[in-house]
Amino acid sequence: MPEPTLALDAARLLADIRALGAVGADPGGGRTRIALSDADQAGRDLLVRWMRELGLQVHIDRIGNVFGILPGSGGGDARPLMIGSHIDTVRHAGALDGCYGVLAGLAVARAYRSAGRTPRRPIAVAAFTNEEGVRYQPDMMGSLVFAGGLSLDAALATVGTDGTRLGEELARIGYAGDLAPGAIAPHAYLELHIEQGPVLEAEGLQIGVVERLQGISWQRITVHGTANHAGTTPTRLRHDAGYAACAVVAFLREQVASAAPGSTLATTGSLRLAPDLINVIPRQATFTVDLRDPDEARLQAAEQQLADFLVQLAEREGVVIETERLARFAPVVFDAGLADAIEASARRLGCTHRRMTSGAGHDAQMVARIAPAAMIFVPSQGGISHNPREHTDDAQLVLGAQVLLDVVQHHLAAD
Ligand code: HGY
Ligand code: MN
Ligand code: MN
């Protein structure tokens, strides 16, 4: 006799999303909970309170990853089904990126609790530290340490863009746990996330079955030029760090990341000039380059094109150019069986769906190093994310969580 289908408390999930979204609220709309900030601490505290109210076993590991575990009936050795994401944000963020997946995981645990049911396999809800990587690079840091891809000591020693040391900030907010990263080894990992891109909405589809994730290359570039007077220095005598930086940004758009569909993507999200004065030719430019491509060979080619351009530019402009690698992750293929299970649940629930590749980085790409992992997407309105205007309709958010619960109930927690 099959177990009765569990019911999701949709109202509570939506309320949790709004309540967490209010933590670190910005005056002009949106919220900012940069990793290991006071606002991140407040978001963590709220999540831990909700986990405890649900009677989950709460564990914090030494890189600050938060786990809430619903025990299973299958004996202590059963490795948990892990449902995770992150609750740290970029600056002026939306309320859904990462938070949706963590809170949907809570909703799954709540569905079991409300029905008085115990899954055969434990269910671990995870919130990974510093997924965004905007203060401390690389991104997906907590899940990378969890998966053994970065040593705990190296992560704790990371110096942020604000000069702070990650380990000290983690201790300051009270989330330097004692659990060894990776001690909770997942049987499988699921991550529900907003698409953050335009595909599902453009095709009028409800669910993305995410079977792969594109490669990511982050570097910081510093150009050392010569400060000089804006009014007296002829162009031919300039060693203008600001011009050099802008030449790189233009090169990336025109030569590397064309508008052709499927091309490599290039972004310079941060650019600082010194001395940053209207009438002084910049002596220094420090900027970031984020390259993304689902094809590893093409991503490497883009990196090489950039490196070659920097050599020519330095020669031509008489500047010195230094590069520092901040993150480099090859494209990831998720677990085919899990992707099939997600597709089967989407179909069972009558959702329109498609297979897709994730443009954004996610904790799932790190956990995939140590366990079968896959993701479920719901549409993003206008494809907007990393922006207070990030939005997905309530009905879509609930549907995505119902697909997640269906995968758990029919494919994972029972096995
Ligand atoms: O950069 C990313 O794709 C993710 O938001 N950390
Ligand atoms: Mn995210
Ligand atoms: Mn993000």
Side-chain angles (χ1 to χ4, degrees), residues 17 20-21 24 30-36 40 43 47 65 83-105 126-147 149-150 158 160-161 189-197 208 210 212-220 264-270 288-294 299 325-332 356-368 373 375-380 383-392 397 400:
I17 290 171
L20 181 55
R31 69 284 305 146
T32 299
R33 294 198 304 275
I34 301 288
L36 312 187
D40 183 29
L47 176 65
N65 296 321
I83 304 171
S85 198
H86 61 96
I87 62 169
D88 66 302
T89 74
V90 296
R91 193 172 296 128
H92 307 322
L96 300 172
D97 179 358
C99 303
Y100 171 47
V102 174
L103 298 176
F128 290 106
T129 296
N130 187 32
E131 189 277 346
E132 292 297 357
V134 293
R135 181 184 184 190
Y136 303 101
Q137 290 81 33
D139 55 351
M140 287 76 72
M141 188 189 275
S143 49
L144 183 61
V145 171
F146 174 79
L150 176 67
T158 303
T161 52
Y189 177 85
L190 282 172
E191 182 163 356
L192 173 62
H193 207 288
I194 51 173
E195 178 199 337
Q196 301 180 287
V210 187
R212 61 184 65 235
L213 189 149
Q214 69 178 341
I216 301 174
S217 165
W218 279 6
Q219 47 189 316
R220 180 181 293 121
T264 303
L265 296 177
T267 309
T268 288
S270 169
T288 56
V289 172
D290 173 325
L291 298 172
R292 310 272 179 124
D293 200 305
L299 186 55
R325 172 158 285 183
L326 299 176
R328 182 62 168 87
F329 303 123
V332 168
M356 59 197 299
T357 295
S358 173
H362 296 289
D363 293 307
Q365 73 186 93
M366 302 310 177
V367 182
M375 297 186 71
I376 306 166
F377 274 175
V378 293
S380 290
I384 296 285
S385 185
H386 285 186
N387 179 322
R389 288 175 39 222
E390 181 182 275
H391 178 82
T392 299
L397 294 172

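Each ligand, and each atom within it, is numbered from 1 in the order the structure gives. Just so you know, these numbers come straight off a predicted model, no measurement behind them.
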Problem set entry | From OG (Ser385) to NE2 (His391), nearest 0.5 Å | 13.0 Å

Exercise. Any side-chain heavy atom of Met140 within less than 4.5 Å of one from Leu150?
Worked result: no

Problem set entry | Single hit among Asp139, Asn130, Asp97 for side-chain hydrogen bond (donor to acceptor under 3.5 Å, both in side chains) with His86 | Asp97

For this session: Report the residues that fulfil side chain to side chain donor-acceptor pair (under 3.5 Å) with Glu191, sequence neighbours left out, ordered by chain and then residue number.
Result: Ser85, Tyr189

For this session: Check step by step if side chain to side chain contact (heavy atoms under 4.5 Å, CB included) holds for Leu36 and Asp88.
Result: CA-CA 8 Å; Leu36 312 187; Asp88 66 302; over 6 Å; no

For this session: Go through the structure and list residues passing salt bridge (Lys or Arg N to Asp or Glu O under 4.0 Å) with Asp293, not counting sequence neighbours.
Result: Arg298

Exercise. Are there any protein N/O/S atoms under 2.8 Å from the Mn ion (ligand 2), and if so, which?
Worked result: His86 NE2, Asp97 OD1, His193 NE2

Seminar exercise, completed: The protein residues that pass the under-4.0 Å heavy-atom test against ligand 1 are Glu131, Glu132, Asp139, Met140, Trp218, Arg292, Ala360, Gly361, His386

Exercise. How about Leu96 and Val378: do any of their side-chain heavy atoms sit closer than 4.5 Å?
Worked result: no

Exercise. What is the name of the N/O/S atom in His386 that sits closest to the Mn ion (ligand 3)?
Worked result: NE2

Exercise. Taking atom CZ of Arg91 as the centre, does the number of heavy atoms from other residues, nucleotides or ligands within less than 6.0 Å exceed 12?
Worked result: no

Exercise. Any side-chain heavy atom of His193 sitting closer than 4.5 Å to one from Phe377?
Worked result: yes

For this session: Determine the minimum heavy-atom distance between Thr158 and Gln137, stating which atoms define it.
Result: CG2-O, 3.5 Å

